[in-house]
Amino acid sequence: MRGVVMLALTLALGACADPAGVSPRSPESASASPSAASSPVVVPWADRPQPTPSYMSPSPPPAPAPACRAANLRVAVGTAEAMPDRGIRFPVEVRNEGDADCSLDNWAEGDLLAEDGTKLDQGSTARPGIGLPPQPALEPGHVAVTQGFWSGWCGKDPGRWRVRLRFDVPVDAAGPAVPAPACPAERDHAANGFGVYTILNAAGQPVLDPQAAWRVRLDAPSSARMGEVIRYRVTITNPTRGDITFDPCPSYAVSFRHASDGRSELSATHELNCPQAPRRVAPGGSVVFEQQARVPHTTEMWGPMQPGRYFLDWNFTNIGVWGYPGNHPHPPYTAPIDITA
């Protein structure tokens, strides 16, 4: 696929967005599964060090599919979310409603248009780019999801603005029902653009890595002492409409991050206790993993570590699809913890 030029800001914006509102809506295509149990399975702690990664030879590239044509695509824009810089971000989906696979290599760029058709922030849009690794062809019923952003608008009121994506012919979709974001005070020009995209299957899972759809919640003690072994729980939930398996078994890392300066110290890397976990998790189902971690002493941390507020960060190390709105790659899952000497 062709290379991609994208605004660096795009990478910073994809970390915490939620794909709600733009995931595929074809439940008949999802895998059949029993209803999720009312009480999640609780998997006990097991000290399973993270295995040495193995790198397999890449598969031969598939035969190229014909370019996607606008007549077979439906573009929709999801709900906007406010950003810290007072801008907005919004998910954009491109669904293949044709009857054959097609390639998004011809997806040239995206623009924002005012109600009267004027291009907003002319020249500042970024090409939407390709997924990392390269994305497969867009199959019928599958959706390519990308993240749009707009850091501000310094001109006159654009009215009901819209998004335009360019394929063989332009395709427009109504933007979120929100006004243009306010002009940034520190400059007289702002930017908009689109990030890399990820292709989702009919169950709303990234085609290349269904595990990237996992949702995680930490339940950790609110306080601990240096040198203490804390025990906590990690709840992993399947939010999609199809089963997700623990094969391959996910690995994860645990670290302690200082609340005020952001410095972080890796505590350990492990593999989940998959042998005692269900192999498949049905839509809406959850599995709870019991975990433990040792709070380092002052001499083991960047130094010295002072008592105070920290965050226990937990993150997958072998899961993550660039461009997937919920995982860019997976954000760290966090729980506050007050550490004393």
Side-chain angles (χ1 to χ4, degrees), residues 1-2 4 14 17-33 61-80 89-113 117 125 127-131 133-148 160-177 193-210 212-213 239-244 283 321-326:
M1 286 189 176
R2 295 174 297 195
V4 56
D18 193 324
V22 297
S23 55
R25 291 172 290 276
S26 301
E28 67 277 7
S29 302
S31 60
S33 303
C68 292
R69 300 181 60 83
N72 296 326
L73 302 175
R74 182 171 65 82
V75 177
V77 180
T79 302
R89 57 187 169 199
F90 46 90
V92 180
E93 70 169 30
V94 178
R95 181 187 297 273
N96 182 359
E97 295 191 331
D99 55 8
D101 294 1
C102 66
S103 169
L104 286 172
D105 278 354
N106 66 323
W107 182 352
E109 59 184 295
D111 297 315
L112 303 185
L113 302 179
T125 51
R127 290 172 57 186
I130 57 177
Q135 293 288 296
L138 187 64
E139 298 180 21
H142 287 194
V143 172
V145 179
T146 188
Q147 186 87 317
R160 189 69 169 90
W161 56 278
R162 61 187 186 274
V163 174
R164 169 169 290 177
L165 303 182
R166 301 182 188 178
F167 299 97
D168 54 324
V169 297
V171 180
D172 290 4
F194 301 85
V196 295
Y197 66 80
T198 295
I199 293 180
L200 308 183
N201 60 24
Q205 304 161 354
V207 170
L208 293 183
D209 190 353
T240 72
R241 293 183 302 282
D243 289 0
I244 302 180
V321 176
W322 286 66
Y324 182 48

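In this text the structure is predicted, and so the values were computed from the model without any measurement.
No side-chain heavy atom of Y197 sits under 4.5 Å from any side-chain heavy atom of V94. Within the 4.5 Å cutoff, no side-chain heavy atoms of V75 are placed close to those of V163.
Taking the side chain to side chain donor-acceptor pair (under 3.5 Å) definition, one finds that N72 meets it with nothing, sequence neighbours left out. Residues forming a side-chain contact (heavy atoms from CB on, under 4.5 Å) with P176 (at least two apart in sequence, or on another chain): V77, A80, F90, W161, V178. Under the rule for a side-chain contact (heavy atoms from CB on, under 4.5 Å), the partners of P140 that lie at least two apart in sequence or sit in another chain are N96, D101. By the salt bridge (charged side-chain N to carboxylate O under 4.0 Å, His left out) test, D172 pairs with R162, R164, sequence neighbours left out. For V207, the side-chain contact (heavy atoms from CB on, under 4.5 Å) criterion is met by P136, H142, I199, N201, not counting sequence neighbours.
When all heavy atoms of A144 and L104 are compared, the closest pair comes out as CB-CD1, 3.5 Å. Nearest heavy atom pair, residue G242 against residue Q205, reads O-NE2, 3.1 Å. For the pair P206 and A212, the tightest heavy-atom approach, listed with the atom from each and the gap, is CG-CB, 4.0 Å. The two residues A213 and T240 have their closest heavy-atom pair at CB-CG2, 3.5 Å. Nearest approach of A70 to V171, heavy atoms of both residues: CB-CG2, 3.4 Å.
Distance alone, capped at 3.5 Å, is enough to place a donor-acceptor pair between the R241 side chain and the A202 backbone.
Residue E93 holds its CD atom at 5.5 Å from CZ of R74, rounded to the nearest 0.5 Å. L138 CG to L73 CG: the interatomic distance, rounded to the nearest 0.5 Å, is 7.0 Å.
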